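Worth knowing before you read on, the calculation uses all heavy atoms, side chains too, and leaves out hydrogens, waters and symmetry mates. Keep in mind the model is a prediction, meaning the values are calculated, not measured.
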Amino acid sequence: MAFTARRIRKPVAVLAAAVTAAAGLALMPATTPPANAADATAVTITPNPASRGEAFEGWGTSLVWFANATAGYSPELREELYQKVFGEDGLNLNIARYNVGGGNASDVADYLNDGSAVEGWWKPVTEARPGQPASNLYNPDGTVDKTQANKLAFLNAWNPDDPASYNPDADQNQRWWVERLAADQQITHWEAFSNSPPWFMTKSGYVSGQVNTAKGENLLPEAEAKFAAYMRNAVELLEKGSGITVDTVDPFNEPNSGYWGTDINTATGKPPTTYTQKQEGALIYPAAQDRVTKLLAAELAKGTTDAVISAMDETDPTKFMTNWNGYSQAAKDAVAQLNVHTYGTNDRRRVRDLASSTDKPLWMSEVGGFWPGNPVFGDSTSGWDRSNITNGLGIASRMVNDLRELDPNAWVFWQPVEDTYKQEKADKGWGSIYVDFDCNYEGREGFSNRRINDGATQDQAKCKVLTNQKYNTTRNFTHYIRPGDFLIQNDNAKTASALRADGNGATLVHFNDTPTAEKVTIDLSRFGKIAPGAKVTPVVTTKSPLEDIEKNALVKGAPVAVDTAAKSATLDVPAASVVTFVVDGVSGVSDDAAPVEDGHSYHLTGEASGKYLTAGTNGAATIEELGTDAAGVAPQMWTFTAVNGKDEFANDRRWVLSNKDGKVLTGNGGVLNGSQSGAASLTSMTLDQAKTTPSAQWIVTTENGRQWTLVNAAAAIALQVSGNQTATGTSVALASSTGTTATASANPHQAWAFTDIADLKLLGVSPVELSTPVGTAPALPATVTPVYEAGPGKPLAVTWTPVDPASWQKAGKVTVYGSGADPYGQTFEAVLTVTVGSYIATDPASVTVGVGSSVAPAQAAAPGTVPGQIADGPARNPLAVTWDWSSVSDSSLQTPGTVTVQGTANGLPATRPSLWLTAFP
């Protein structure tokens with residue numbers, strides 16, 4: 001008796017099964033017609049407000065490198081750029097991540113990309129004095145000292161607690177942006193982060209990483225405490241000097257990714273200046289991350305800032321989990337916010353579950369990239385072509401998938417502003433907004449220094465702000481899913497959705513990355529109320545021409561009224577587009593939207609197996625068939641008790657699952673021991689004890705609003721049938737959450753359907769119909785199908801009253817009565833109607849063959865029986881059939897069409913064999 005989470009309140013009529021085959025045989029080619037390019041693809045999207053996350057903090061960006069590169073530009077150019085990034089008509093971002101620069105030594109020639117050499121907050125020392133070395137890496141004559149004695153001397157002399165060790169006027173370029181944002185009160189959350197410690201705290205002496213021939217960790221162990229103090233003091237100087245309040249500070253950036261390194265010219269022993277290298281970056285392994293995190297926590301506790309620690313801005317969720325599992329509990333406790341990048345996308349669900357289990361906010365704190373053009377959309381194949389809609393569709397896909405699978409509290413760009421010159425020359429399309437990063441060279445202000453060096457005219461070299469299709473499509477998100485809204489899940493893999501902050505109305509952002517238009521139906525049935533006048537307004541972004549790059553962005557369409565009876569609205573969506581659906585007039589949550597209610601008892605059915613979560617007498621949990629009596633179903637009933645009084649539809653609400661014996665379902669493993677697996681077991685404890693024991697608590701999780709998984713609050717991994725098996729008696733354990741991004745679906749071995757026991761009120765059983773020839777006693781069925789308030793259940797045994805054998809000797813109707821009881825002790829009466837008579841007709845049959853087939857395959861595929869009808873009875877009995885193939889030849893199957901084959905069954909001619917065939921070559 002398997003049910004979905006949607007609890008059906010009305011009884012479901014189940015008709016007697018009838019076989020549909022045919023005595024007439026029709027042959028058709030197996031190919032189906034290709035879809036007409038003008039035909040729209042039907043798509044249905046069902047948002048579920050019962051899957052509500054925490055309030056969304058908003059959209060953001062780091063300020064490096066564009067802020068460092070552009071602060072000295074002309075007021076007009078700088079203002080245009082500012083409005084594109086933070087203005088109401090621009091990206092309208094409300095989160096900013098400030099980069100605490102490390103800064104290379106004073107005597108190291110600049111070798112980093114334009115804008116990426118961010119000034120550190122330590123105070124440079126130009127001339128050495130007793131007890132205070134100069135802030136130089138090399139020897140006084142400029143030669144390389146392989147021992148780096150001066151670096152170590154500077155580190156030893158540098159006092160992180162002495163205000164004189166800092167330059168409070170540092171980093172004026174980036175801070176122009178900080179102070180402008182502060183004046184506008186645009187930013188609701190400030191975060192500070194580090195790409196690298198200062199040069200004198202590194203092993204290599206450079207802020208870009210270890211030298212490439214000896215890659216490895218770059219933070220000196222003896223400098224860890226000073227680095228933590230440096231981060232705290234830099235944040236406090238920033239707060240005091242620029243008038244902001246920093247909310248979170250992350251001392252790392254992609255710390256366990258192996259690509260940080262510094263190229264060295266073998267002839268000079270120094271970084272070459274003939275080309276630029278990446279940026280500041282440092283490899284710091286989990287053990288060192290652990291130590292720095294604890295040191296920073298101690299620093300913040302004694303400082304004046306109220307900032308808390310975020311960590312660790314790793315490249316992808318898999319590396320993030322590797323780092324996290326290497327932390328001590330003290331370091332984990334010190335981290336107040338989880339930050340992860342999605343340059344790799346595996347294991348987003350693992351980080352999501354970790355955030356839920358630790359009750360910590362989660363940010364997707366950095367991503368960037370580009371998607372080359374697709375000619376099917378009218379794009380060029382260039383990566384740089386700013387009119388390529390594929391680039392806009394690509395970032396929309398990444399945003400949707402991050403919002404769906406990570407369920408983050410915020411989504412943050414690496415940087416939406418990129419260096420025009422570099423992207424154009426490399427044929428890439430990173431970023432959404434472009435300006436040359438070299439427009440303030442002395443004597444060439446307002447013009448790109450590199451372009452002039454390349455021989456460009458002044459008009460060609462003039463610095464200007466440009467945008468691309470990513471700028472257009474990302475605004476479908478940032479303009480309409482706003483801070484304070486609540487992310488909710490839906491069942492479409494190409495759609496992100498949110499509930500408005502006040503609970504009235506919703507927003508869906510959908511991308512169509514195909515060359516075919518769509519007809520999208522938005523199913524609003526999971527909302528509790530649809531007000532008169534409810535409507536859906538589409539805001540559409542499609543490809544814009546290069547000469548008017550924002551022409552087709554955010555085009556508002558006519559509102560479509562919601563059909564209040566159908567609880568839906570249908571809208572047309574163009575090919576290759578991103579569409580925001582603004583839904584007005586919906587609120588609340590329908591009765592069948594949430595899978596569980598506090599205090600209710602449920603059957604839990606595995607989606608893949610169709611079997612029931614069952615408590616064993618040995619303390620283990622298994623999957624079993626539904627019990628056939630009260631003793632059998634009792635261990636299959638689980639009572640859900642809410643741990644706290646959170647909003648009943650919050651997606652991180654915790655539950656205790658207990659059975660009839662008072663035992664609770666518990667879990668272990670996972671993050672508790674740094675693994676991706678664990679065990680589930682029944683443990684004796686009171687509800688009050690369970691409410692304070694994370695291993696006895698479960699979080700009901702979904703990524704599509706229709707499949708539900710159970711994540712253990714201690715282990716941060718999901719309840720799963722062991723080995724992805726479906727056999728009766730298989731044990732149930734724990735494993736990391738998995739799923740399929742392309743279909744927005746969970747692992748079916750982790751998905752559970754919930755049947756409320758309160759809904760298992762037996763309404764009756766489905767009527768049964770049989771037919772039999774005169775003189776033949778029929779075989780009566782051993783089971784009948786029960787009908788519960790929640791829908792049809794699994795077959796129940798039935799006992800029929802005896803029938804006088806004479807009843808089968810004459811034509812007519814015979815009624816047989818039966819009775820039985822379900823496993824919950826509810827009795828029922830059953831009615832069986834048997835039609836007694838002679839065969840009068842057969843139902844048609846069909847066979848499909850390909851155009852050009854011979855007769856032989858059709859003969860082999862033809863059925864040996866057809867359904868026979870007795871009198872006016874609805875039931876059918878199989879009758880042996882003989883087909884007459886004399887009128888069919890190979891030639892009749894060479895073109896699309898219908899071919900009729902006659903046959904006889906039980907002496908009856910097969911009179912209804914025709915089937916219309918439509919075939920395409």
Side-chain angles (χ1 to χ4, degrees), residues 1-21 601-615 622-638 721 725-730 748 751-772 777-803 813-835 867 873-878:
M1 186 164 50
F3 304 100
T4 63
R6 177 179 290 212
R7 293 177 298 149
I8 305 169
R9 298 297 183 181
K10 296 180 179 179
V12 178
V14 180
L15 300 178
V19 180
T20 55
S601 297
Y602 297 86
H603 285 316
L604 274 65
T605 314
E607 180 178 299
S609 68
K611 297 180 176 64
Y612 291 74
L613 181 65
T614 305
T622 59
I623 54 169
E624 308 288 347
E625 295 289 353
L626 180 66
T628 57
D629 54 25
V633 299
Q636 298 175 329
M637 293 190 286
W638 302 88
V721 180
Q725 299 298 306
T726 59
T728 297
T730 303
W752 301 89
F754 299 76
T755 302
D756 194 332
I757 303 301
D759 288 341
L760 293 181
K761 180 181 179 182
L762 185 59
L763 303 179
V765 297
S766 299
V768 184
E769 295 274 356
L770 294 179
S771 63
T772 186
L780 303 186
T783 61
V784 291
T785 301
V787 178
Y788 291 94
E789 192 171 86
K794 287 198 172 182
L796 299 175
V798 61
T799 300
W800 301 105
T801 58
V803 181
K813 302 286 185 179
V814 177
T815 301
V816 185
Y817 297 95
S819 62
D822 75 354
Y824 311 97
Q826 301 176 99
T827 60
F828 64 84
E829 293 183 354
V831 177
L832 168 64
T833 303
V834 183
T835 301
R876 297 293 186 267
N877 299 323

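At least one side-chain heavy atom of N877 sits less than 4.5 Å from a side-chain heavy atom of S771. Looking at heavy atoms from C-beta onward, Y602 lies in side-chain contact with D756 at the 4.5 angstrom threshold. Side-chain contact check for V787 versus S766: some heavy-atom pair is nearer than 4.5 Å.
In this structure T730 satisfies the side-chain contact (heavy atoms from CB on, under 4.5 Å) test together with I623, V721, S722, Q725, A727, sequence neighbours excluded. Here V784 pairs with V765, V768, V798, W800, F828, A830 under the side-chain contact (heavy atoms from CB on, under 4.5 Å) rule; sequence neighbours left out. By the side-chain hydrogen bond (donor to acceptor under 3.5 Å, both in side chains) test, K761 pairs with no residue at all, sequence neighbours left out.
No side-chain donor from either of T605 and K611 sits under 3.5 Å from a side-chain acceptor of the other.
Q636 contributes atom CD, which lies 13.5 Å from atom OG of S601 (distance to the nearest 0.5 angstrom). To the nearest 0.5 Å, atoms CD (E829) and OG1 (T801) are separated by 10.5 Å. To the nearest 0.5 Å, atoms OG1 (T755) and CE (M637) are separated by 12.5 Å. A distance of 7.5 Å separates CG in L762 from CG in L796, rounded to the nearest 0.5 Å. Here CG of L626 is found 8.5 Å from OG1 of T614. Values are rounded to the nearest 0.5 Å. Between Y824 atom OH and Y788 atom OH the span is 6.0 Å, to the nearest 0.5 Å.
Across all their heavy atoms, G627 and P823 have their closest contact at O-CG, 3.3 Å. Between T726 and A608 the shortest heavy-atom distance is CG2-O, 3.8 Å. For the pair P786 and P795, the tightest heavy-atom approach, listed with the atom from each and the gap, is CD-CA, 4.1 Å.
The one candidate from L832, V803, V831 that meets the side-chain contact (heavy atoms from CB on, under 4.5 Å) condition with T815 is V831.
Checking side-chain atoms of E624 against main-chain N and O of G632 turns up no donor-acceptor pair under 3.5 Å.
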Show, in sequence, the C-alpha distance, side-chain angles and deciding distance for T835 and K813, and conclude whether the side-chain contact (heavy atoms from CB on, under 4.5 Å) test is met. CA-CA 5 Å; T835 301; K813 302 286 185 179; 2.8 Å; yes

